[in-house]
Amino acid sequence: MPRFQAPRGTQDVLPAMQPYWQAVLDAVREVARLHGFQRVDTPMFEDAGVFEKGSGDTTDIVEKEMYVFEDRGGDRLALTPEGTPAIVRAYLEHGMGSWPQPVRLYTTHPMFRYDRPQKGRYRQHTQFDAEVLGSADPLVDAEVITMLWRLYGMLGIRGITVRLGSLDDLEPRRAYVERLKEYYRPFLGRLSEDSQRRFERNPLRLLDSKDERDLPYKEAAPKLVDQLSPAAREHHEAVQAALAAAGVRFAVDPLLVRGLDYYNRTVFEVVPDDDERAQGTIGGGGRYDGLVELLGGPPTPGIGFGTGIERIILEMQKNGVVFEPAPAAEAFIVHRGEGSGPAAVRLAAALRDRGIAAVIGEGGRSFKAQLRSANAAGARLAIIIGEDELAKGVALLKPLEGESEQAAVPLEQAAEAAEARLRAG
RNA sequence: GCGGGCGUAGCGUAGUGGUUAACGCGUCUGAUUGUGGCUCAGAAGAUCGUGGGUUCGAAUCCCACCGCUCGCCCCA
């Protein structure tokens with residue numbers, strides 16, 4: 001019988017890593033509260049059409065990476081590959097258009113992509129996703145980025161920069177893409193194979209190439225940020241002014257391109273300054289003023305981001321943020337002998353009633369072994385109930401740290417006395 | 001999807017063709033009656049990722065598969 005292992009690209013989050021997850025989730029909750037975002041939870045899977053229509057069925061995420069399956073009833077479903085279309089679907093389904101606008105929502109949600117795993121890239125990962133629907137105000141763009149920036153700061157992540165770009169609005173961008181293709185067409189044959197493919201599929205990506213053969217042409221290529229439509233330019237500048245006012249470290253990146261079709265105007269990524277790897281990006285997002293309509297709703301502007309919790313944790317560790325695992329117990333009950341089991345259980349319940357984390361030792365093992373366990377559990381107090389104690393109706397309180405001596409107390413008052421000891425120390 | 005590196009007890013490693021695969025950490029037990037941490041002693045724990053092949057003989061060489069990892073692509 002071959003041993004089972006977790007599916008490729010997935011991972012178990014063991015107790016030692018839980019403090020990191022807890023810290024991130026706590027910070028997420030707090031930063032969302034500080035910015036007026038409300039939590040929404042959407043299902044792990046959706047109608048596949050949500051993403052085919054929403055994310056765009058020529059994007060890599062949908063075309064090559066989405067987990068699609070038919071359930072027993074014949075419905076075509078997809079494991080959520082990215083958050084935004086799912087939240088927009090919920091926004092429409094629940095009539096959030098009639099809530100006070102704009103609507104600020106966030107979630108932490110598992111995402112699934114059939115991709116080749118690498119460090120920081122998994123087939124299942126978790127994203128903190130935040131979306132604002134119903135506002136076209138550039139200040140909202142800045143607020144969203146500021147929230148992301150604050151989150152990283154709260155978690156001790158330094159040495160990162162926001163790369164900011166603008167993809168203009170959809171119509172002017174189409175015109176720009178034509179100009180870009182005209183520029184590249186004459187020397188198409190001299191470009192890298194990748195770039196030749198991009199020329200047809202996603203010409204904006206030509207500007208993103210790192211291939212030596214493409215670099216000379218890239219330099220002189222027309223840049224979208226240099227020729228934005230007046231409305232988009234004004235928007236872009238307003239976002240920058242607001243980010244500067246908020247103290248966010250950002251750099252305008254004329255070559256920033258993102259892989260989802262629905263973006264317009266503001267796009268951004270957060271990258272570590274020392275990380276050239278493509279999967280170094282820890283968060284990114286942008287504005288999607290056309291997405292709600294794509295999914296069958298009324299014209300509604302929107303903007304949001306996703307940031308990968310696994311990557312945040314990797315970045316925290318790179319920044320030397322360390323968490324000690326929380327002790328498993330405050331009080332550890334050592335017991336042995338006839339009738340000690342029920343006494344231990346009664347005492348444990350009394351301790352827990354008082355809010356004290358209590359663990360009962362294994363009565364079949366020696367005092368020595370149980371006390372070792374108490375120590376390993378990080379308990380500050382051991383409470384010993386042996387045969388002698390049981391006969392006298394007492395328990396021994398043995399401090400596991402500090403100077404004080406162990407003391408006998410009546411069994412019925414043991415919980416109270418333990419609480420006093422723990423609160424004092 | 002393409003190319004490179006790696007895979008030996010729970011974890012980290014040594015061992016590169018020749019006895020019962022070694023060490024550290026961890027786990028368990030004990031160091032005279034029932035007392036933790038430090039120390040000491042002992043024990044358990046490995047079909048050497050899986051399957052096939054070469055060989056008198058394979059952890060060691062070859063092939064395939066699985067997984068991890070690095071780069072590309074793409075993304076968080």
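Each chain gets a letter, A, B and so on, in the order its sequence line appears, and its residues count up from 1.
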Next on the checklist: Taking side-chain hydrogen bond (donor to acceptor under 3.5 Å, both in side chains) as the definition, give me every residue that meets it alongside A:R185, ordered by chain and number, with sequence neighbours left out.
Outcome noted: none
Checklist outcome for this item: salt bridge (charged side-chain N to carboxylate O under 4.0 Å, His left out) filter on A:E293, not counting sequence neighbours, yields none
Checklist entry - Got a sec? Which of residues 8-23 of chain A come in under 4.0 Å of RNA chain B, heavy atoms? => result A:R8, A:G9
Please list each protein N or O that sits under 3.5 Å from an N or O in nucleotides 4-7 of chain B, with the distance.
none

When the side chains of residues 318-334 of chain A are checked against the rest of the protein, which donor-acceptor pairs come out under 3.5 Å, sequence neighbours left out?
from, atom 1, to, atom 2, distance (Å)
A:K318, NZ, A:D274, OD1, 3.3
A:K318, NZ, A:E315, OE1, 3.3
A:K318, NZ, A:E315, OE2, 3.2
A:N319, OD1, A:R158, N, 3.0
A:N319, ND2, A:E315, O, 2.7
A:E330, OE1, A:A357, N, 2.7

Item to check | Those residues that, when tested against A:R89, pass side-chain hydrogen bond (donor to acceptor under 3.5 Å, both in side chains) (two or more places apart) | outcome: A:E46, A:E93
Next on the checklist: Which residues pass the salt bridge (charged side-chain N to carboxylate O under 4.0 Å, His left out) test with A:E416, not counting sequence neighbours?
Outcome noted: none
Please tabulate, one pair per line, each protein N/O and nucleotide N/O from nucleotides 27-29 of chain B that are separated by under 3.5 Å, including the distance.
from, atom 1, to, atom 2, distance (Å)
B:C28, OP1, A:R365, NH2, 3.2
B:U29, OP1, A:R365, NE, 3.0
B:U29, OP2, A:R365, NH2, 3.2

Next on the checklist: According to salt bridge (charged side-chain N to carboxylate O under 4.0 Å, His left out), who are the partners of A:R365, at least two apart in sequence or on a separate chain?
Outcome noted: A:E362
Checklist entry - Looking at residues 405-412 of chain A, who's got a heavy atom less than 4.0 Å off RNA chain B? => result A:Q406
Next on the checklist: Please give me every residue in residues 79-91 of chain A whose heavy atoms get under 4.0 Å of an atom in RNA chain B, ordered by residue number.
Outcome noted: none
Show me the protein contacts with nucleotides 32-34 of chain B, counting only N or O atoms at under 3.5 Å.
from, atom 1, to, atom 2, distance (Å)
B:G34, O6, A:D388, N, 2.6
B:G34, O6, A:D388, OD1, 2.8
B:G34, O6, A:D388, OD2, 2.6
B:G34, N1, A:E389, OE1, 2.7
B:G34, N1, A:E389, OE2, 3.0
B:G34, N2, A:E389, OE1, 3.3
B:G34, N2, A:E389, OE2, 2.9

